[in-house]
Amino acid sequence: QVQLVESGGGLVQAGGSLRLSCAASGLPFSNYAIGWFRQAPGNEREFVAAINWSGGGTYYADSVKGRFTISRDNAKNTVYLQMNSLKPEDTAVYYCAARNYYSNYVVSAPNWKYDYWGQGTQVTVSS
């Protein structure tokens with residue numbers, strides 16, 4: 001059974017940092033690209049960042065570029081999202097998703113049909 005489990009969310013003041021983790025099980029993790037998405041109340045889900053199977057290719061939404069960093073540790077079956085300089089508008093439930101995709105290029109990640117999704121972790125940024 002495939003599972004993606006997000007963790008690391010919480011309440012932080014504006015300007016602060018959080019590191020989210022997405023731990024995967026039940027799939028050949030190094031064959032999968034991983035995307036992070038978020039959804040705020042009343043809003044559609046939006047793409048945040050993606051990373052290719054090896055960690056050598058990444059792509060970010062303009063809204064988080066320069067503040068967020070996505071990385072992965074295939075030995076631990078885990079992808080991370082380091083979030084710095086957080087803003088109140090970053091408040092949302094953050095989800096990770098996996099797609100069986102063995103390529104270095106992830107610029108189309110916002111539009112992929114992902115194979116698996118996690119349950120999400122809440123991030124709240126206070127002003």
Side-chain angles (χ1 to χ4, degrees):
Q1 181 183 358
V2 175
Q3 279 193 311
L4 298 178
V5 179
E6 301 94 338
S7 62
L11 174 64
V12 64
Q13 288 189 329
S17 298
L18 283 174
R19 189 177 80 157
L20 304 185
S21 298
C22 171
S25 60
L27 76 172
F29 185 68
S30 60
N31 287 357
Y32 281 75
I34 303 295
W36 281 100
F37 291 78
R38 66 188 182 187
Q39 188 167 20
N43 289 1
E44 292 188 354
R45 186 175 60 201
E46 65 171 345
F47 170 80
V48 174
I51 190 165
N52 79 322
W53 66 275
S54 68
T58 59
Y59 185 68
Y60 297 91
D62 287 344
S63 59
V64 306
K65 204 173 295 183
R67 300 188 298 123
F68 290 11
T69 302
I70 189 170
S71 61
R72 69 189 295 159
D73 184 340
N74 285 347
K76 295 183 178 179
N77 284 9
T78 302
V79 168
Y80 304 99
L81 185 68
Q82 178 67 44
M83 306 187 297
N84 299 330
S85 302
L86 282 161
K87 304 175 182 179
E89 51 263 44
D90 294 318
T91 295
V93 177
Y94 283 70
Y95 301 90
C96 63
R99 183 178 191 239
N100 191 335
Y101 183 75
Y102 205 73
S103 169
N104 289 334
Y105 303 102
V106 291
V107 292
S108 299
N111 302 314
W112 289 342
K113 183 178 183 300
Y114 287 79
D115 300 303
Y116 305 103
W117 289 84
Q119 294 290 93
T121 186
Q122 176 70 47
V123 171
T124 303
V125 185
S126 63
S127 57

**Q.** Any Met83 side-chain heavy atom under 4.5 Å of Asp90 side chain
**A.** no
If you measure from [atom1] on [X] to [atom2] on [Y], what distance do you get to the nearest 0.5 Å?
X      : Y     : atom1 : atom2 : result
Thr78  : Leu20 : OG1   : CG    : 12.5 Å
Gln82  : Leu18 : CD    : CG    : 8.5 Å
Gln122 : Thr91 : CD    : OG1   : 7.5 Å

Using every non-hydrogen atom in the two residues, find where [X] and [Y] come nearest and quote the distance to one decimal.
X     : Y      : answer
Ala92 : Ala40  : CB-N, 3.8 Å
Tyr59 : Val107 : CE2-O, 3.7 Å
Gly26 : Val2   : O-CG2, 3.3 Å
Gly8  : Thr121 : N-OG1, 4.3 Å
Ala49 : Leu81  : CB-CD1, 4.2 Å
Tyr32 : Tyr116 : OH-CE1, 3.8 Å

Would you say [Y] ends up clustered with [X] if hydrophobic residues are merged whenever their side chains have heavy atoms under 4.5 Å apart, either directly or through other cluster members?
X     : Y      : answer
Val48 : Tyr114 : no
Ile34 : Val106 : no
Val93 : Leu86  : no
Phe47 : Val79  : no

Given 3.5 Å as the limit, does a donor-acceptor pair link the side chain of [X] with the main chain of [Y], or not?
X     : Y     : answer
Thr58 : Ile51 : no
Arg72 : Asn52 : yes
Tyr80 : Thr69 : no

Q | side-chain hydrogen bond (donor to acceptor under 3.5 Å, both in side chains) contacts touching residues 92-101 (sequence neighbours left out) | A | Arg38-Tyr94
Q | Qualifying side-chain hydrogen bond (donor to acceptor under 3.5 Å, both in side chains) pairs, either residue in residues 4-28, two or more places apart | A | Ser17-Asn84
Q | For Tyr102, the rest of its hydrophobic cluster, which grows through side-chain links under 4.5 angstrom | A | Trp53
Could you pull out all residues at least two apart from [X] that satisfy side chain to side chain contact (heavy atoms under 4.5 Å, CB included)?
X      : answer
Ala24  : Leu4, Leu27, Phe29
Ser108 : Trp112
Arg45  : Phe37, Gln39, Trp117

Q. Are the charged groups of Lys65 and Asp62 less than 4.0 angstrom apart, N to O?
A. yes
